[in-house]
Amino acid sequence: MWVLVLYDLPTETKKDRKIAAKFRKDIMSDGFTMFQFSIYVRHCASMDNAQVHIKRVKSLLPEHGNVGIMCITDKQFADIEIFYCKKEVRPNAPYQQLELF
C-alpha cells in the first residue's frame, strides 16, 4: 500500500513559504519521500498502517492551500509510467517487506 500526499500551498509571502516548508518537513519526518514537486509518497505495510499516517498528515494540514491524500496498491504503483522529456524511466522498486518470527 502506498500513500500519496499531493499539495498546492500558497507561497506569495515569507510567512506562506515558511508554512509550506514546515508542512513539507513534517511529512518528510513521517517517512514520506518526494516523488515529484509537491507529491510525496510513503510505503505502508497495510491499510491500518496507512490510516495511521493519513491521520498524521491530516493533523499537519496548513490553514490555507489544497492537500490531497490518496492510497494505491503496490501493483498500481508498479504500473506507473514515468517520463523525463521523452525518455521512459522505471520508478524505484517498492520496499521489501521483512518478516520476523
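Keep in mind that the numbers below use all heavy atoms, side chains included, and drop hydrogens, waters and symmetry copies.
To the nearest 0.5 angstrom, Thr73 atom OG1 is 8.0 Å from Lys75 atom NZ.
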Run the side-chain contact (heavy atoms from CB on, under 4.5 Å) check on Trp2 and Phe35 step by step: do they pass? CA-CA 12 Å; Trp2 290 85; Phe35 185 73; over 6 Å; no
Starting from the C-alpha separation in whole Å, work towards a yes-or-no answer on side-chain contact (heavy atoms from CB on, under 4.5 Å) for Asn49 and Arg42. CA-CA 11 Å; Asn49 183 248; Arg42 187 185 199 292; 4.1 Å; yes
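The minimum heavy-atom distance linking Gly65 with Leu9 is given by the pair CA-CD2, 3.9 Å.
In the hydrophobic clustering of ILVMFWY residues, with side-chain heavy atoms under 4.5 Å counting as a link, Leu60 and Tyr40 come out together. By the rule that hydrophobic residues join a cluster once side-chain heavy atoms approach within less than 4.5 Å of another member, Leu4 and Met34 end up as members of separate clusters. Using a 4.5 Å cut-off between side-chain heavy atoms of Ile, Leu, Val, Met, Phe, Trp and Tyr, with links allowed through other members, Phe32 and Leu61 fall into the same hydrophobic cluster. Each of Met70 and Ile54 belongs to its own hydrophobic cluster when Ile, Leu, Val, Met, Phe, Trp and Tyr are linked at side-chain heavy-atom distances under 4.5 angstrom. Taken together through direct or relayed side-chain contacts under 4.5 Å among Ile, Leu, Val, Met, Phe, Trp and Tyr, Met47 and Val52 form parts of separate hydrophobic clusters.
Under the side chain to side chain contact (heavy atoms under 4.5 Å, CB included) rule, Val3 has a single partner from Ile69, Ile27, Ile72, which is Ile69.
Residues Leu6 and Asn66 fail the side-chain proximity criterion, which asks for heavy atoms closer than 4.5 Å. Residues Val57 and His53 have side chains not in contact (no heavy-atom distance under 4.5 Å, counting atoms from C-beta outward).
Under the 3.5 Å distance criterion, with hydrogens and angles disregarded, no donor-acceptor pair is assigned to the side chains of Tyr7 and Arg24.
A distance-only check finds a donor-acceptor pair linking the side chain of Asp74 to the backbone of Met1 [under 3.5 Å].
Listed by chain and residue number, Pro10, Asp16 satisfy the side-chain contact (heavy atoms from CB on, under 4.5 Å) test with Glu12 (two or more places apart in sequence, or in another chain).
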